[in-house]
2 protein chains.
Amino acid sequence: MARAATTTDAFNAVAEPRRREILDALAGGELAVGDLTELLGLAQPQVSKHLRVLREVGLVEVRDDGRRRLYRVNAAPLRAVHAWVGQYERLWNERFDLIDGVLDELAGTENEIRTDIETDIETGIETGRGD
Amino acid sequence: MARAATTTDAFNAVAEPRRREILDALAGGELAVGDLTELLGLAQPQVSKHLRVLREVGLVEVRDDGRRRLYRVNAAPLRAVHAWVGQYERLWNERFDLIDGVLDELAGTENEIRTDIETDIETGIETGRGD
DNA sequence: CAAACATATACCCATATAGGCATGCGTCAA
DNA sequence: TTGACGCATGCCTATATGGGTATATGTTTG
């Protein structure tokens with residue numbers, strides 16, 4: 001089997017950076033396709049396709065306005081994502097408390113592992129929309 | 001171009017349901033690959049592959065234990081996801097509050113009109129950040 | 001040492017992606 | 001009405017996926 005369709009759920013739809021950018025842009029209010037293409041620096045067909053995906057998972061809604069189509073965010077489907085990820089909040093907090101202790105235990109282990117962990121910590125701290 | 005690699009970031013890694021299940025299972029504590037295959041009802045190679053992806057994005061860490069390999073969660077990379085999704089919490093809350101309040105006035109109206117009005121409401125709501 | 005066990009990899013395949021490009025379709029202007 | 005505009009779709013390609021199956025690597029036991 002191939003990867004699950006991007007239209008399967010919010011998890012998959014939002015995995016694409018461009019689509020996150022689109023949502024971020026729409027967070028400020030309704031925008032037409034043309035506005036988005038300009039903001040994102042993407043070609044119009046690509047924007048329309050991303051919007052289609054977002055629409056199919058319910059993350060955006062459309063409204064006709066003359067010859068334009070105004071899109072707006074519907075954050076509801078993100079609740080599921082937030083809920084799932086939220087369960088791990090406890091874990092990543094605990095982790096920071098214990099990190100020092102863990103590093104000590106690893107003192108004798110291979111450097112590779114230590115580096116990995118330290119890297120993960122720093123990476124995790126930085127804000128969203130990687131790239 | 002094809003879809004971004006699953007190992008690109010936590011967003012992509014976690015888009016796969018199986019991998020979320022793996023993390024959920026590991027949330028209870030360290031588990032060996034064999035334990036996971038049994039819990040998930042997946043074939044061993046598939047589990048190993050999913051674990052590889054999770055490892056590459058730093059969501060799990062490994063520890064050798066005899067001929068077994070014990071995996072554990074590192075939730076840190078999920079912070080980025082949580083942070084991004086969290087920005088929308090405000091939106092999905094406001095939305096439902098206001099919609100409910102006005103729905104009464106709309107009782108009896110045609111759907112088309114109702115939709116338009118709802119749109120206006122949302123548009124008005126999202127006054128925040130313009131960029 | 002050989003055999004059993006635990007895990008990781010290597011392949012093979014069907015599938016859907018994301019972008020590039022061309023075009024179809026509805027809407028507004030002259 | 002014709003043409004310009006705004007957007008959606010269709011088609012094409014390279015790529016990576018996730019599962020299936022076979023096998024390599026490493027570890028413990030007899």
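Just so it is clear: chains get the letters A, B, ... in the order the sequence lines come, proteins before strands, and each one is counted from 1. Worth knowing before you read on, the calculation uses all heavy atoms, side chains too, and leaves out hydrogens, waters and symmetry mates.
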When you measure from the centre of the six-membered ring of B:Phe11, is the NZ or CZ of A:Arg20 under 6.0 Å away and within 45° of the axis?
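Output yes; distance and angle both within limits.
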Measure the distance from [atom1] on [X] to [atom2] on [N] and round it to the nearest whole Å.
| X | N | atom1 | atom2 | answer |
| --- | --- | --- | --- | --- |
| B:Leu36 | C:dA6 | CG | C1' | 13 Å |
| A:Met1 | D:dG20 | CE | P | 8 Å |
| B:Asp35 | C:dC5 | CG | P | 16 Å |
| A:Arg63 | D:dG6 | CZ | P | 17 Å |
| B:Glu16 | C:dA16 | CD | P | 14 Å |
| A:Leu54 | C:dT17 | CG | P | 13 Å |
| A:Arg55 | D:dA8 | CZ | C1' | 11 Å |

Check whether any side-chain nitrogen or oxygen of [X] sits under 4.0 Å from OP1 or OP2 of [N], and answer yes or no.
| X | N | value |
| --- | --- | --- |
| B:Tyr71 | C:dA6 | no |
| A:Arg52 | D:dT9 | yes |
| B:Arg3 | D:dT17 | no |

Between the side chain of A:Asn74 and the main-chain N/O of A:Gly58, is any donor-acceptor distance below 3.5 Å?
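Side chain of A:Asn74 to backbone of A:Gly58: a pair is present.
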Between B:Asn12 (side chain only) and A:Ala15 (backbone N and O only), is there a donor and an acceptor less than 3.5 Å apart?
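Indeed, once roles are kept as given, a pair shorter than 3.5 Å links the two residues.
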Side chains of B:Tyr88 and B:Asn93 only: does a donor on one sit below 3.5 Å from an acceptor on the other?
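There is no such pair between these side chains.
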Will you find, in the side chains of A:Trp84 and B:Asp24, an N or O donor that is under 3.5 Å from an N or O acceptor?
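Yes.
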Residue pairs fulfilling salt bridge (Lys or Arg N to Asp or Glu O under 4.0 Å) with at least one residue in residues 40-53 of chain A, sequence neighbours excluded:
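Sorted result for residues 40-53 of chain A: A:Arg52-A:Glu56.
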With sequence neighbours excluded, tell me which residues meet salt bridge (Lys or Arg N to Asp or Glu O under 4.0 Å) with A:Glu38.
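Salt bridge (Lys or Arg N to Asp or Glu O under 4.0 Å) list for A:Glu38, sorted by chain: empty.
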Salt bridge (Lys or Arg N to Asp or Glu O under 4.0 Å) with B:Arg3: which residues, sequence neighbours excluded?
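Residues passing salt bridge (Lys or Arg N to Asp or Glu O under 4.0 Å) with B:Arg3: none at all.
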Hey, which of these two, A:Arg69 or B:Thr7, hits DNA chain D nearer its 5' end, going by closest nucleotide?
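Per heavy-atom nearest nucleotide, the more 5' residue is A:Arg69.
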Which of residues 37-50 of chain B have a heavy atom under 4.0 Å from DNA chain D?
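Residues of residues 37-50 of chain B under 4.0 Å from DNA chain D: B:Pro45, B:Gln46, B:Lys49, B:His50.
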Hey, are the side chains of B:Val47 and B:His50 touching, using non-hydrogen atoms and a 4.5 Å cut-off?
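No, too far: nothing below the 4.5 Å cut-off.
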Answer whether the closest heavy-atom distance between the side chains of B:Val73 and A:Leu91 falls below 4.5 Å.
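In short, these two side chains touch, coming nearer than 4.5 Å.
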Should A:Leu31 and A:Leu70 be counted in the same cluster of Ile, Leu, Val, Met, Phe, Trp and Tyr side chains packed under 4.5 Å apart?
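No; tracing contacts between hydrophobic side chains, which count when under 4.5 Å, never links both residues.
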Using a strict heavy-atom distance below 4.0 Å, which residues from residues 18-34 of chain B are in contact with DNA chain C?
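Residues of residues 18-34 of chain B under 4.0 Å from DNA chain C: B:Ala32, B:Val33, B:Gly34.
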Reading nucleotides 24-30 of chain D 5' to 3', which nucleotides get B (base under 4.0 Å from a protein heavy atom), which S (sugar-phosphate only), which -?
---BB--
